[in-house]
Amino acid sequence: MSEDLYGDTDAPEVPPPKRKRKSTPKKKIDGHHLRIGVMGYSVDIVSPIPRDQFMEEMVDTINANGANPEWSGIYHLKKIDGKIVSVRLRSIDIVEEM
């Protein structure tokens, strides 16, 4: 009965062809790959300066201008994929070097 439902049982099983995955080459980054945590989310950016100097300058700027209501705190940063992201930096949660 099962032969009538499912077809010929003597046919060999043929495995599906294997697919080759294309690996995406990592892009060379001109600068330092940093992940900054700001206001609850993280952004991977390319910084022309090292992590410690970036963090020190950002903290100094935030401390100097944070009380000024005229200061927007918006920075335009370059992401890893080359796009520009605008981030309002009134506080920095974390800066990691990747």
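Counting begins at 1 with the first residue of the sequence. Keep in mind that what you see is a predicted model, and the values were worked out from it rather than measured. All values below were derived from every heavy atom in this structure, side-chain atoms included, with hydrogens, water molecules and symmetry-related copies excluded.
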Roughly how far, to the nearest 0.5 Å, is [atom2] of [Y] from [atom1] of [X]?
X: Ser47; Y: Met55; atom1: OG; atom2: CE; result: 12.0 Å
X: Gln53; Y: Met58; atom1: CD; atom2: CE; result: 12.5 Å
X: Leu34; Y: Ser42; atom1: CG; atom2: OG; result: 12.5 Å

>> Filter on salt bridge (charged side-chain N to carboxylate O under 4.0 Å, His left out), then keep only pairs touching residues 43-53, sequence neighbours left out; what's left?
In response: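 Of all non-adjacent pairs touching residues 43-53, those that pass salt bridge (charged side-chain N to carboxylate O under 4.0 Å, His left out) are Arg35-Asp44.
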> Which pairs with one or both residues in residues 53-78 pass salt bridge (charged side-chain N to carboxylate O under 4.0 Å, His left out), sequence neighbours excluded?
Replying inline: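 Those involving residues 53-78 do not exist here.
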>> Would you say His76 and Ser86 are linked by a side-chain donor-acceptor pair, where the criterion is simply a distance under 3.5 Å?
In response: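 Looking only at side-chain atoms, His76 and Ser86 do form a donor-acceptor pair, the distance falling under 3.5 Å.
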Indicate yes or no: at least one non-hydrogen side-chain atom of [X] is less than 4.5 angstrom from one of [Y].
X: Glu97; Y: His32; result: yes
X: Ile36; Y: Tyr41; result: no
X: Tyr75; Y: Thr61; result: yes

> Taking all atoms of both residues into account, what is the closest heavy-atom pair of Lys83 and Asp81, and its distance?
Replying inline: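 Closest approach of Lys83 to Asp81: N-OD1, 3.2 Å.
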> Which atom names give the shortest non-hydrogen contact between Ile80 and Ile45, and what distance separates them?
Replying inline: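 What the structure gives for the nearest pair is CD1-O, 3.6 Å.
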> Can Ile74 be reached from Trp71 by stepping across I, L, V, M, F, W or Y side chains whose heavy atoms are under 4.5 Å apart?
Replying inline: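 Hydrophobic grouping puts Trp71 apart from Ile74.
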